[in-house]
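First comes the structure, then the notes that go with it.
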There are 2 protein chains.
Amino acid sequence: MRRYGGGMETRELRYFVAVAEELHFGRAARRLGIAQPPLSRAIRQLERRLGVTLLERDSRSVALTAAGSVLLREGRAALDAVAAADRRTRRAGQAATGGPGLVLATKTGASSELLPKLLGAYAAEPDAVPVEVLLCGIGEQERLLRDGRADVALLHLPYDSTTGLDTEELITEPQVAILPAGHPLARRPHLLLAEVEALPGLPMPRWPRADGSYPDGPGPEVRDHAQLFQLIALGRTVVVLPESARSLLLADLATVPVPDAPAVTTVIAWPPHSRSRALAGLIRTATRL
Amino acid sequence: MRRYGGGMETRELRYFVAVAEELHFGRAARRLGIAQPPLSRAIRQLERRLGVTLLERDSRSVALTAAGSVLLREGRAALDAVAAADRRTRRAGQAATGGPGLVLATKTGASSELLPKLLGAYAAEPDAVPVEVLLCGIGEQERLLRDGRADVALLHLPYDSTTGLDTEELITEPQVAILPAGHPLARRPHLLLAEVEALPGLPMPRWPRADGSYPDGPGPEVRDHAQLFQLIALGRTVVVLPESARSLLLADLATVPVPDAPAVTTVIAWPPHSRSRALAGLIRTATRL
DNA sequence: CCGCATCGATACCTTCCGGGTATCGCGCGC
DNA sequence: GCGCGCGATACCCGGAAGGTATCGATGCGG
């Protein structure tokens with residue numbers, strides 16, 4: 001049995017996170033749908049109750065203190081946990097009335113072979129529940145698991161981080177370079193990573209980050225695999241992907257093994273404390289594939 | 001940038017967790033320091049807003065629904081995260097004024113060789129901060145990390161669970177049986193686990209669980225290593241411990257290797273998202289020992 | 001079968017706090 | 001110097017949280 005001394009309210013956390021992200025009380029207030037004065041007051045109260053200065057403010061600028069950055073990081077995690085509690089409880093309530101039993105998050109276009117096999121095998125289990133598949137962008141999965149929008153995800157090491165998640169390895173596969181069918185290197189038995197990266201006139205594509213912005217660089221900005229493959233066919237870029245990406249290839253593309261590229265391991269991941277009956281079943285099915 | 005739609009307040013979560021743990025509105029209200037009617041109302045409001053029945057109540061008993069158990073589990077995690085945000089922010093504010101920079105949790109009596117070495121080596125680092133050591137009971141460490149009372153912990157696999165934590169392995173050591181010096185088996189070169197467990201009249205001791213209660217069984221209840229060793233010396237029990245426990249042994253005790261007992265790995269563990277400069281330094285020092 | 005105790009729900013009142021409007025104080029730029 | 005942007009302050013209002021009294025149901029002992 002535990003005691004939770006009357007601590008911070010999530011409202012205060014939401015307010016602080018908004019201000020800390022905007023570094024501007026007016027904008028933060030607008031984003032929160034309240035007026036600016038109550039927001040100022042709320043932050044001051046929070047600072048007084050914590051006995052800590054969170055924001056250094058003069059009338060021209062607002063900046064985070066060291067304690068403020070800690071609360072920004074921890075506060076986001078806490079808000080995610082609260083949001084997860086909310087969503088998962090709602091879903092648990094509706095599960096009885098036919099809603100999806102599990103939400104699985106995976107990267108768009110990835111695991112095109114594994115995923116149908118997994119869903120098929122699981123659906124055949126005696127106590128299977130409906131599985132909703134959530135296709136999402138790069139690096140989005142961890143967030144979805146944390147805030148309760150997903151119960152389980154397929155991640156790809158070493159690209160995705162699994163810190164704070166429980167995982168089981170499913171398959172490991174080598175990577176291949178994907179080239180236009182007519183490219184001179186397309187007939188080579190294999191390529192080295194360095195060779196692929198140094199291909200003149202064929203810079204690696206740039207994927208969007210979590211916030212939607214693109215890193216700097218020479219390569220084209222791509223948003224999904226369809227776009228990517230078309231650009232490769234046009235001879236504008238090149239990419240190294242796990243072997244299984246072959247299954248969604250266009251006709252005029254060729255693959256060449258890249259033995260020194262790190263092998264990609266597909267893992268099934270879930271938040272550590274949530275071990276529902278249905279989730280356990282799905283994981284068991286996955287590891288048996 | 002993320003939006004957190006106006007969701008649950010921590011007060012509601014605290015209330016629900018109290019009721020779910022007590023399964024009794026009156027007791028829960030007393031525990032929370034409020035009257036019973038506002039508590040009933042708060043739970044009803046929570047249920048209405050979630051659109052989910054959390055508790056099945058007739059006027060004689062209260063029981064959790066499936067959704068209720070989900071909210072109990074997720075709510076505890078969320079409250080821990082909020083408590084962690086609170087505590088870590090407070091500490092970050094006081095850190096400037098000389099408070100402890102890091103709080104390390106370890107089991108009382110364990111790692112008696114490793115811990116001083118680690119603290120010594122870290123203190124010698126150029127940018128070391130003060131480290132407070134928190135001695136705690138079995139299985140308490142995960143909780144301390146989760147709710148922010150500790151920043152880092154020493155855990156012992158396979159006894160402790162590391163789900164949801166980031167870890168680095170430090171050392172792995174075999175286990176030994178600890179016997180009274182005069183015991184007939186004390187002169188054997190090694191013992192099998194089965195032999196130790198079957199010792200007539202020497203049942204394994206029982207350790208308290210997280211909630212303070214003891215599992216059933218024939219062995220004596222022990223609370224710490226001093227108590228345990230005294231009981232062994234008295235010939236009332238026997239135990240299998242990692243080799244390094246030798247360093248805190250009494251004179252009239254003997255150790256015998258137990259090669260088939262699982263090796264114990266000491267790991268340093270920390271919550272996944274909190275990677276402060278000081279913490280990174282401590283972990284680096286630890287892995288270099 | 002009838003009090004009686006127990007426990008959650010309801011009714012009603014009070015207080016306090018979250019939120020709004022108006023305004024101030026301050027620093028910057030035209 | 002004057003306007004303007006921004007955060008802080010002052011003040012008011014409404015609603016929600018909390019308390020007291022009471023009800024209604026249920027199980028139990030006499």
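The chains referred to below are lettered A, B, ... by the order of the sequence lines, with proteins before strands, and numbering in each begins at 1. Predicted, not measured: the structure shown is a model, and the values here were computed from it.
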Using the test side-chain hydrogen bond (donor to acceptor under 3.5 Å, both in side chains), find all partners of R44(B) that sit at least two apart in sequence or belong to another chain. none
For the CD1 atom of I268(A) and the CG atom of L104(A), what is their distance to the nearest 0.5 Å? 6.0 Å
Residues which pass side-chain hydrogen bond (donor to acceptor under 3.5 Å, both in side chains) with R27(A), listed by chain and number, not counting sequence neighbours: E22(A)
Atom CD of E12(B) and atom C1' of dA16(D) are separated, to the nearest Å, by 11 Å
Send over the distance from L55(A) CG to dC6(D) C1', rounded to a whole Å. 14 Å
I'd like to know if the side chain of R206(B) reaches the main chain of P215(B), judged simply by a donor and an acceptor atom lying under 3.5 Å from each other, with no hydrogens or angles considered. yes
A correct 5'-to-3' footprint of nucleotides 2-7 of chain C, with B, S and - meaning base, sugar-phosphate only and no protein heavy atom under 4.0 Å, is ----BS
Test the R11(B)-Y15(B) pair against the cation-pi criterion, namely NZ or CZ under 6.0 angstrom from the six-membered ring centroid and within 45° of the ring axis. yes
Can you build the contact string for nucleotides 10-21 of chain C? Use B for base contact, S for sugar-phosphate-only contact, and - for no protein heavy atom under 4.0 Å. B-------BBBB
Could you go through residues 133-141 of chain B and list every donor-acceptor pair under 3.5 Å that involves a side-chain atom there, pairing it with any protein atom two or more places apart or in another chain?
unit_1: E140(B); atom_1: OE1; unit_2: G137(B); atom_2: N; d: 2.7
unit_1: Q141(B); atom_1: NE2; unit_2: L154(B); atom_2: O; d: 3.0

Distance, nearest 0.5 Å, that separates CD of Q36(A) from CZ of R30(A): 10.5 Å
When you check the phosphate oxygens OP1 and OP2 of dC6(D), does a side-chain N or O of R57(A) lie under 4.0 Å from one of them? no
How many whole angstroms separate atom CG of L39(A) from atom P of dC6(D)? 14 Å
Using side chain to side chain contact (heavy atoms under 4.5 Å, CB included) as the criterion, list what pairs up with E125(A), not counting sequence neighbours. Y122(A), D127(A), A128(A), R284(A), T285(A)
